[in-house]
Amino acid sequence: MTEEYKFDNSVELFKRAVEVIPGGIYGSKAPGFVIPGSYPYYFKKGKGCRLWDADGNEYIDYLCGYGSQILGYGYDEVDNAAAEAMRAGDLLNGPQPEMVELAETLTKQIDGMDWAVFAKNGTDTTSLAVSMARVHTGKKKIIMARGAYHGAANWCSTNVFPELDDRKDVLSFTYNNLEELCSLFAKHRGEIAAIILTPYHHPAFGPQIMPAEGFYERVKNLTKAEGALFIMDDIRCNFRLSLAGSHSYFGVEPDLITMGKSIANGQPISVLMGTDNLKSTAGSFFITGTFWMSGVPFTASLITLKIMQEVNLIEHLNRIGGMLKNGIRSAAADAGFKAEITGAAAIPFLTFENDPDLYINQVFCSEMTKRGIYLHPHHNWFISYAHKDEDIEKTLETAREAFKLTAAKLG
Amino acid sequence: MTSDELTPTEQMVLAHVKSGSAFQLLQLLAEEDSAVQEEIADKSFSLGLRVAGGMQRSIKVVNGRISPVDNSVSGSGVIFRFPTYSQLNNLLSGRKSRMIPIIKTFKAGGIISSFKSLTSRIPVYMNAEGTFLEDNFTFITRLLICAALRGIKEVAENDPYVSDRVAGIPDGIIALHVEGCSELEARIKKHGGSFTVLTGRDETIPNAALTFNSPETAYNLFTGKINAVVALGTSDVKIRGRIPMIQGLFPILDRLSFYMAIK
Ligand SMILES: Cc1ncc(COP(=O)(O)O)c(C=O)c1O
């Protein structure tokens, strides 16, 4: 039987943090988003698909820096190039040539997109996309799916305070519910600037939902009739479904696309891309930030994009993700659980039949994490190029033990 | 901050919080406190609070039990009628208050004096120290838990400041457990815009659960002696089940502490 990890250093650090940082750790990294007592809060090192926490515990990691580490932590080819770029001096008053090269690469690689503007976080780009859609259409309302995450900005986050009216023009519908969507378009005719959607629905605390048959076709028709834009927020799925953009996987044609997370294997950069007819609107915006021109992430991104092609990334992710999916399902069944793994093979999430409140998830994922397999109980997982067959085998071996423990704990 | 500095809406919420918690506490005191039990033995009456054009609620004393009644003062032998919420808050804070007692029975004098002696038992427990606190620790902790849940209900139902947040909380039941102390279990149920506080044990599986590792942790948390964020991070308070329901309570609890700090 594997020994359980302890998290004393994480807890001590957290106690110190609370004294000087509001909430200690904020947002989606807060202890309350995992299961305190069974999860580390602070980390020190990562290599490949392995991660080490502040107590020195080692994990096979299935969160991949919330998706950003698509090739794996500390991928030498990327990091060496980034380190060299950094040593050559960074933030050099203006952009470096790599910015142009990256825009050229992406406009060639990403289906249907003609231009790119770069920022740091995903939120920068979703917020920019929404603003551009409003200016371009001369309308204000934005439609999003209920429970979808498009970043930490007030227009779409859980920062709901009466003093902030950023959400005033944001309407939501139940994902895949075309009737609800159509009635929103009908009710707000002439007011809708854009609909923003993730390639498929991946809410926290629940199963992932694929677009229903005919969903995208209807979205396209509705936006066309309304003169609204279709924004594809590809920040999370980014390069895990298709290297040409997740919209290409689903065969759809958005007007704007946001990407981030994995685009530079963990270096801070995000991108908003758009079609030619939106280029002049984009050009009319004042877009910048002191660190947005840092050359290092551009260099890292160019290499990351090249490696993704060379290693045939999608095939690897699908194969390894499939192996994990099937293995977890059958290990669960052996212990008497009916596990459901939803989402794309490279972005899976586990739920159990008759467990809408995730009690079983919480026990199982805790047992796994305390035994060195980092599985988030409430947020979808990610597979990277660094996950190899032997990592999945080790994961499944631990899963068999964890399912038995879960069964015993839940009686 | 005193209640005079509040806006009329905040005055309204404060009155709901204070009267709601007081009535909830009286109900529990009738189960355990001998002075309250003596006071209500063989008595049967009802007393109402009404604010002009607003809240009305009452407590009913019958068969040795006290029950809070929301949204009604019917059958009350005495109704305290306040021109404004601020006057009701004055009464609830022990200050001089302008109100008209509407007398419906010749026993009114006795009802008013009973009500005064019943409410005088609340601070005995809520401000307890020393051996009285030690001797009644579990019960006092139960009072604190129930008063907090009642406060959550009142803020969630009445305070427009949190109404958008409340709308985002999924429906269902949150249970509070204290390890090794099943008599401290309590629940709060959300159904649409309303909340119900359920005291006592229940076998149905809640949608989310908050578990304190000891009665001391619960006591310390509800008396503000430990920080809730730290207690969560150290897992002295465990959360399970549908976490967004529990997260949804935090902004309500923040507002509740704002009201609880009003003198
Ligand atoms: C779909 C989606 N959109 C936007 C964001 C926001 O990105 P960032 O956290 O980089 O601001 C995220 C982050 O998780 C995301 O998953």
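No hydrogens, no waters, no symmetry mates; every other heavy atom, side chains included, goes into these values. In the text below, chain A, chain B and the rest are named by the order of the sequence lines, each starting its count at 1. These numbers were taken from a predicted model, which means no experiment stands behind them.
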Does [X] [atom1] have over 12 foreign heavy atoms under 6.0 Å away?
X        : atom1 : result
B/Arg95  : CZ    : yes
A/Arg16  : CZ    : no
B/Glu5   : CD    : yes
B/Met260 : CE    : no
B/Phe250 : CZ    : yes

What part of [X] lies closer than 4.5 angstrom to a heavy atom of chain B: side chain, backbone, both or neither?
X        : result
A/Tyr41  : side chain
A/Glu163 : side chain
A/Ser10  : neither

Item to complete: May I ask you to name which of A/Val11, A/Val34, A/Val160, A/Ile35 has the most heavy-atom pairs under 4.5 Å with chain B?
Response: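 Option with the top pair count is A/Val160.
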Worksheet item: Using a cut-off of under 4.5 Å for heavy-atom pairs, which of A/Pro31, A/Pro377, A/Gly37, A/Pro162 has the most such pairs with chain B?
Response: A/Pro162
Fill in: Residue pair B/Thr234 / A/Lys15: nearest heavy atoms and the distance that separates them
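Scanning both residues, the minimum pair turns out to be CG2-CE, 3.5 Å.
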Discussion item. For A/Pro36 versus B/Ser235, what's the shortest heavy-atom pair and its separation?
Written reply: O-CB, 3.5 Å
Item to complete: Below 4.5 Å from any heavy atom of chain A, which atoms of B/Ile205 appear? Answer side chain, backbone, both or neither.
Response: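 Contact with chain A is through the side chain of B/Ile205 alone.
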Worksheet item: Quick one: what part of B/Asn227 sits under 4.5 Å from any heavy atom of chain A, side chain, backbone, both or neither?
Response: side chain
Discussion item. If I take atom OG from residue A/Ser38 and atom NZ from residue B/Lys238, how far apart are they, to the nearest 0.5 angstrom?
Written reply: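 It is 8.5 Å, given to the nearest 0.5 Å.
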Discussion item. To the closest 0.5 Å, what do you measure between CG (A/Asn159) and CZ (B/Arg165)?
Written reply: 7.0 Å
Worksheet entry | pair B/Val229-A/Phe14: side-chain heavy atoms closer than 4.5 Å |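 With C-beta onward as the side chain, the pair touches.
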Worksheet item: Heavy atoms, side chains only, cut-off 4.5 Å: are A/Phe205 and B/Ile243 in contact?
Response: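 Yes, close enough: below the 4.5 Å cut-off.
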Response to the item:
With chain A, the option among B/Pro170, B/Ala208, B/Pro251, B/Gly233 that has the most non-hydrogen atom pairs under 4.5 Å is B/Gly233
Item to complete: Would you verify whether the NZ or CZ of B/Arg242 falls within 45 degrees of the ring axis of A/Tyr359 while also being under 6.0 Å from that six-membered ring's centre?
Response: no
